[in-house]
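Keep in mind it's a predicted model, so treat the numbers as computed, not measured. Naming convention: chains lettered A, B, ... in sequence-line order (proteins, then strands); numbering from 1 in each chain.
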Amino acid sequence: MRILSSDLKDHIGETVHVEGWLHKKRLLGGLTFINIRDRRGLVQVVIKDKAEVEKLRGLQIGTVVTIDGKAIEEPRAPGGAELHDAVVTVLVPVSEEPSIEIDKPLSHRPDNLDTLFEYRAVGLRNLQETAIFKVQSAITKAAREYFYSQEFTEIRTPKLLAAATEGGAEVFKIDYFGREATLAQSPQFYKQIMVGVFERVFEIAPVYRAEPSATTRHMTEYISIDGEMGFISIKDLNEFLSGLLNFVSDYIWEHNEADLKSLRATKPVLAKAIPEISMEEIHKLYTEANGESTIGEKDLRPDEERWICEYASKNLGSEAVFVTDWPASDMKFYHKAQADKPELADRVDLLFRGVEIATGSMRENNYEVVLKQLKEMAGGNPDDEGFKPLLTAMQSGMPTHGGFGMGLERLTQKFIGLNNVKEATLFPRDINRLAP
RNA sequence: GGGCUCGUAGUGAAGUGGUCUAUCACGCCUCCCUGUCACGGAGGAGAUCGCCGGUUCAAAUCCGGUCGGGCCCGCCA
């Protein structure tokens, strides 16, 4: 029966069977140490029999082996236990040396990212890389748990669409049996429609954006954590996002502390209720502090986003901050303007450690108003098959509702402290990269 | 789309006109080594310095083009 690396200490004195990948060889003459990697981590094997060592001659890291040996308690071994009197069986020999190292940390310098991604198939076996994606897996799990705890229903919506509808970002056009189709930029309309069904829904799925952006925070395909809920106000939305971010942070630091520490991540300081600052106020503060005026601008500059996060960290006790009161002139047709201040949109952006990780807003739920906004703000045709389902839902009874989209990779990047969002992506897609 | 910047063994780096027949580290190969865990030691193989053209007695190094990256801005998650 196979024993996993982390269970070795429970089998001291027994002869056990281990299966995994050769991860490291250290030959000291009469004594050889090898590390075997399995899904839990590494197990150290000590081999004295030269004939057993010879079985591994010429074989590279990655070779798939089984080891039968005696589990020994040994304080000098990592984890306090190791295997002795090992019998090695090579299951899959590997003679090609890896193009990129997998037993030492890989370079994440911006100039070297291309190499990092080029050799992803083997480079991801590097335990430092693995740690990033174990954390990401935990983030996804935590987010999902939080949604369920708040009575959300998980949904799946199509990514192949008839037409570009949402507006804003560029869309990918593809050939669909001779017709033109597009790839979804977001599940926006579908999740709103589903509020009429389930009241609270979420989806964690890829979205596609054909923007020719070449920055450390953009990709053409990324995972969007989308939530949408009915019978709420913008305050409820902020409260939910505060709860979500705090829950995820606490969860990963409880369950993945070793991974996070190995990546030199620090646990973020987050206010239970993440502080809110209006865009106007941020412009004012930034202008006062930096002498460069951004007053009146309809968006935050990237540098402003970084600065306000520093500010919030120092003065408001939170490394995340909400940006509220966005100008209505820039809002999308399905957004809702503030009831008492129609020049402002009921929208909020969540900034975390210098970047925007989520955008949320209240949606216009009045059919007549949505219809008007669609025509006037988006120049859209209500009879377009892309708009019809949403409008039908509006006609069929939609409560006040709102929701958000959050970038999983950006969230991962910021929790860990990676420089580029692509480092938090197994196989990143950007304007230049379509493989591996 | 605009601006800036980089390209040297499998990987990461040094070298900014001549002694470069290109240096170092990791990895790889051979040998030594009984407590390694970024093991240590001795030796070895591996690079037409992204590509094309130009300047020069002489180019990895200077210039032009080209291809491929990266960073910032716009836009966004």
Side-chain angles (χ1 to χ4, degrees), chain A residues 23-35 42-50 53 57-61 72 74-79 82 84 95-119 122-123 126-128 166-170 185-186 188 204 206-226 297-306 330 332 349-352 355-360 404-414 419-422 424-425 430-433:
Chain A
H23 194 74
K24 184 72 187 174
K25 275 194 278 190
R26 272 184 286 270
L27 288 76
L28 278 70
L31 189 64
T32 295
F33 294 93
I34 63 172
N35 291 333
L42 299 177
V43 56
Q44 174 163 286
V45 181
V46 182
I47 307 177
K48 292 181 182 173
D49 185 344
K50 290 224 187 323
V53 178
R57 177 177 286 267
L59 296 182
Q60 307 295 327
I61 287 174
I72 300 291
E74 172 56 73
R76 288 174 294 185
E82 63 188 13
H84 284 200
S95 51
E96 291 287 309
E97 66 178 290
S99 303
I100 195 164
E101 289 175 55
I102 66 181
D103 62 322
K104 293 199 178 87
L106 296 172
S107 170
H108 276 241
R109 271 193 49 199
D111 282 349
N112 301 329
L113 288 182
D114 196 45
T115 310
L116 187 69
F117 299 140
E118 188 66 31
Y119 299 119
V122 62
N126 188 299
L127 296 182
Q128 183 199 36
E166 197 191 321
E170 298 285 323
Q185 303 162 256
S186 85
Q188 186 60 39
I204 300 174
V207 294
Y208 303 90
R209 306 214 168 160
E211 289 166 23
S213 303
T215 77
T216 52
R217 56 191 187 282
H218 287 90
M219 295 189 290
T220 50
E221 174 176 0
Y222 70 91
I223 302 299
S224 182
I225 302 172
D226 271 276
E297 291 184 6
K298 289 179 177 179
D299 199 351
L300 297 179
R301 297 179 185 180
D303 187 53
E304 231 172 343
E305 293 181 348
R306 289 185 281 269
D330 265 18
K332 302 218 173 112
D349 272 23
L350 178 57
L351 269 42
F352 178 42
V355 299
E356 182 184 330
I357 58 162
T359 295
F404 65 90
M406 184 180 281
L408 172 64
E409 295 88 347
R410 283 191 183 179
L411 190 58
T412 310
Q413 175 200 355
K414 286 295 145 183
N419 178 57
N420 193 315
V421 70
K422 292 165 202 167
T425 310
D430 63 28
I431 188 167
N432 297 313
R433 182 171 293 279

Shortest side-chain distance from A:Arg57, nucleotide among B:U30, B:C75, B:U11: B:U30
5' priority, RNA chain B, between A:Gly58 and A:Lys48 [closest heavy atom]: A:Gly58
Can you name the atoms? Protein N/O to nucleotides 40-49 of chain B N/O, anything below 3.5 Å, with the distance.
none

d(CG, A:Asn126; P, B:G12) in whole Å: 13 Å
Touch class at under 4.0 angstrom, heavy-atom based, for A:Ile100 against every strand present: nothing
Inter-residue atom distance A:Glu82.CD - A:Arg76.CZ, 0.5 Å rounding: 7.5 Å
Which residue lies more 5' along RNA chain B, comparing A:Asp303 with A:Arg109 via nearest heavy atoms: A:Arg109
Check: A:Arg410 side chain, A:Arg217 main-chain N or O, donor-acceptor pair, under 3.5 Å: yes
Sugar-phosphate only, base, or nothing, as touched by A:Glu82 at under 4.0 Å among non-hydrogen atoms: base
Donor-acceptor pair, side chain of A:Gln128 and main chain of A:Leu106, under 3.5 angstrom: yes
For B:G68, the Watson-Crick or wobble partner whose two distances fall under 3.5 Å: B:C6
With A:Arg301 via side chain to side chain contact (heavy atoms under 4.5 Å, CB included) - residues at least two apart: A:Glu292, A:Thr294, A:Glu297, A:Glu304
Between NZ on residue A:Lys422 and NE2 on residue A:His108, distance to nearest 0.5 Å: 14.0 Å
Side-chain (A:Asp430) to main-chain (A:Arg433) donor-acceptor, under 3.5 angstrom: yes
Sugar-phosphate, base or nothing in reach of A:Glu409, heavy atoms under 4.0 Å: nothing
Interatomic distance at P, B:C57 relative to B:G46, whole Å: 35 Å
Could you go through nucleotides 69-71 of chain B and list every protein N or O atom that sits under 3.5 Å from one of its N or O atoms, giving the distance for each pair?
unit_1	atom_1	unit_2	atom_2	d
B:C71	OP1	A:Asn420	ND2	2.8

Main-chain N/O of A:Val53 paired to A:Lys25 side chain as donor or acceptor, under 3.5 Å: no
For B:C28, the Watson-Crick or wobble counterpart (both distances under 3.5 Å): B:G44
B:C73 to B:U66 separation - P atoms, rounded to the nearest Å: 27 Å
Set of side chain to side chain contact (heavy atoms under 4.5 Å, CB included) partners for A:Asn419, sequence neighbours left out: A:Pro110, A:Thr216, A:Glu423
Residue-phosphate contact under 4.0 Å: A:Arg76 side-chain N/O, B:C39 OP1/OP2: no
B:A25 versus B:G41 - spacing of their P atoms, nearest Å: 10 Å
Under 5.5 Å and under 30°: A:Phe33 stacked on B:G35: no
B:C29 OP1/OP2 closer than 4.0 Å to side-chain N/O of A:Gln60: yes
Spacing between A:Glu211 atom CD and B:C73 atom C1', to the nearest angstrom: 14 Å
Complementary nucleotide of B:G1, counting Watson-Crick and G-U pairs under 3.5 Å: B:C73
Spacing of the C1' atoms in B:C67 and B:G50 (rounded, Å): 8 Å
Atom P, compared across B:G74 and B:G27: separation rounded to whole Å: 44 Å
Touch class at under 4.0 angstrom, heavy-atom based, for A:Ser99 against every strand present: sugar-phosphate
Donor-acceptor pair, side chain of A:Glu97 and main chain of A:Gln60, under 3.5 angstrom: no
Under 4.0 angstrom between A:Arg26 side-chain N/O and B:C39 OP1 or OP2: yes
Any A:Arg306 side-chain nitrogen or oxygen under 4.0 Å from OP1 or OP2 of B:C72: no
Spacing of the C1' atoms in B:U8 and B:A14 (rounded, Å): 10 Å
Touch class at under 4.0 angstrom, heavy-atom based, for A:Glu305 against every strand present: base
Nearest-nucleotide pick for A:Ala77, side chain only, options being B:G35, B:A38, B:C75: B:G35
Atom P, compared across B:A45 and B:G18: separation rounded to whole Å: 27 Å
Gap between atoms NE2 and P, on A:His218 and B:C76 respectively (whole Å): 8 Å
Where A:Pro98 and A:Val122 come nearest, the two heavy atoms and their spacing: CB-CG2, 4.2 Å
A:Ile431 CD1 to B:G68 P, straight-line distance once rounded to whole Å: 12 Å
Sugar-phosphate only, base, or nothing, as touched by A:Asp349 at under 4.0 Å among non-hydrogen atoms: nothing
C1' spacing across the pair B:C24 / B:A47, given as an integer number of angstrom: 14 Å
Rounded distance in Å - NE2 (A:His84) to P (B:U34): 16 Å
Sole candidate of A:Thr425, A:Val207, A:Asn420 that passes side chain to side chain contact (heavy atoms under 4.5 Å, CB included) when paired with A:Met219: A:Thr425
Pairing nucleotide - B:G53, Watson-Crick or G-U, each distance under 3.5 Å: B:C63
Opposite nucleotide pairing with B:U36, Watson-Crick or G-U, both atom distances under 3.5 Å: none
All side chain to side chain contact (heavy atoms under 4.5 Å, CB included) counterparts of A:Val45, not counting sequence neighbours: A:Ile34, A:Ile36, A:Ile47, A:Ile67, A:Leu83, A:Ala86
Among B:C28, B:G12, B:C26, the nucleotide that comes nearest once only the side chain of A:Thr115 is considered: B:G12
Results of side chain to side chain contact (heavy atoms under 4.5 Å, CB included) for A:Lys24 - residues two or more places apart only: A:Arg26, A:Asn35, A:Asp103, A:Lys104
Short side-chain N/O contact to B:C37 OP1/OP2 from A:Lys24, under 4.0 Å: no
Touch class at under 4.0 angstrom, heavy-atom based, for A:His23 against every strand present: nothing
